[in-house]
Amino acid sequence: MRTATTATAVTTAPPPGAHLARHRQWAGDHPADPAALGRALSFRSRLHGVLSLELAGHFAGMGFDPAVLYGAELDRLTRAVP
């Protein structure tokens, strides 16, 4: 009899600012520091994600208003900005 084993590699992700500092070609010549670029990327990703799910109909039948979820994400993101 064969036994299946699962190996899980634990890795530590680099700080987002350090990663963005090394890979900022997508930002062109924009003078923003890596932390600001990271916040902008997070802001866009989170709001785009909620909007995309709503437009694709993934919230249909869940019994809540997706606009409330979108507003909550927007509130969290704007409160997180220093």
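For the numbers below, each heavy atom of this structure counts, side chains included, while hydrogens, waters and symmetry mates do not.
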Expected list for residues 27-34: side-chain donor-acceptor pairs under 3.5 angstrom, two or more places apart:
residue: H30; atom: ND1; partner: A32; partner atom: N; Å: 3.1
residue: D33; atom: OD1; partner: A35; partner atom: N; Å: 2.9
residue: D33; atom: OD1; partner: A36; partner atom: N; Å: 2.9

Requested in this report: Nearest 0.5 Å please: distance from the CG atom of L74 over to the CG atom of L69.
Outcome: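 So the CG of L74 and the CG of L69 are separated by 11.5 Å.
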Report task. To the nearest 0.5 angstrom, please state how far the CG atom of L47 sits from the CZ atom of F43. Result ->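 Rounded to the nearest 0.5 Å, the CG-CZ separation comes out at 5.0 Å.
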Enumerate donor-acceptor pairs with a distance under 3.5 Å from any side-chain N or O in residues 52-64 to protein atoms, sequence neighbours excluded.
residue: S52; atom: OG; partner: H48; partner atom: O; Å: 2.8
residue: S52; atom: OG; partner: H48; partner atom: ND1; Å: 3.4

